[in-house]
Amino acid sequence: MSIGEYASKFKELSKYCPYYRDMNKRSKCSKFENGLKPNIKQAMGYLEIAQFQILMDCFHIYENDTKARQAQWERKSHKDKKINLSEIG
């Protein structure tokens, strides 16, 4: 599940829980962060962001950067394989 999908589901389900509607902003952010995978949580948790929308924006940027980094690594890996195959043949 992507961060965006998790955020959408979190927002949708929190509507049905009075505790989440009434909780302070930092508590809501903490609850959201606690549902993330540890490696993702570690990337932003230390910032202690107290506004939910700002936290969402930061995690969307993180997710997009991670996808871009992964795509770049895959392109490089594919290019390296091509070079190795051309050296063999």
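What you see is a predicted model; the values in this text were computed from it and never measured.
Taking each heavy atom of Cys29 and Ala50 in turn, the nearest pair found is SG-C, 3.8 Å. In this structure, Tyr62 and Asn39 approach most closely via the heavy-atom pair OH-O, 4.0 Å. In plain terms, the two heavy atoms of Glu63 and Ser2 that are nearest each other are OE2-CB, 2.9 Å. The two residues Lys11 and Ser14 have their closest heavy-atom pair at O-OG, 3.0 Å. In terms of heavy atoms, Ile49 sits closest to Cys58 at CD1-SG, 3.7 Å.
Hydrophobic clustering, with ILVMFWY side chains joined whenever heavy atoms are under 4.5 angstrom apart, groups Met56 together with Ile54. Note on Ile61 and Ile40: separate hydrophobic clusters, where clusters join Ile, Leu, Val, Met, Phe, Trp and Tyr whose side-chain heavy atoms are under 4.5 Å apart, directly or indirectly.
Annotation: salt bridge (Lys or Arg N to Asp or Glu O under 4.0 Å) contacts involving residues 32-47, sequence neighbours excluded, comprise Arg26-Glu33. For residues 51-60, the set of pairs meeting the side-chain hydrogen bond (donor to acceptor under 3.5 Å, both in side chains) definition, not counting sequence neighbours, comprises Gln53-Asp57.
The number of heavy atoms from other shown groups lying within 6.0 Å of CD (Gln70) is above 12.
Between Arg69 atom CZ and Asn64 atom CG the span is 11.0 Å, to the nearest 0.5 Å.
In terms of the ring-ring contact (aromatic ring centres under 6.0 Å, His included) criterion, residue partners of Phe52 (sequence neighbours excluded) are, by chain and number, Phe10, Phe32.
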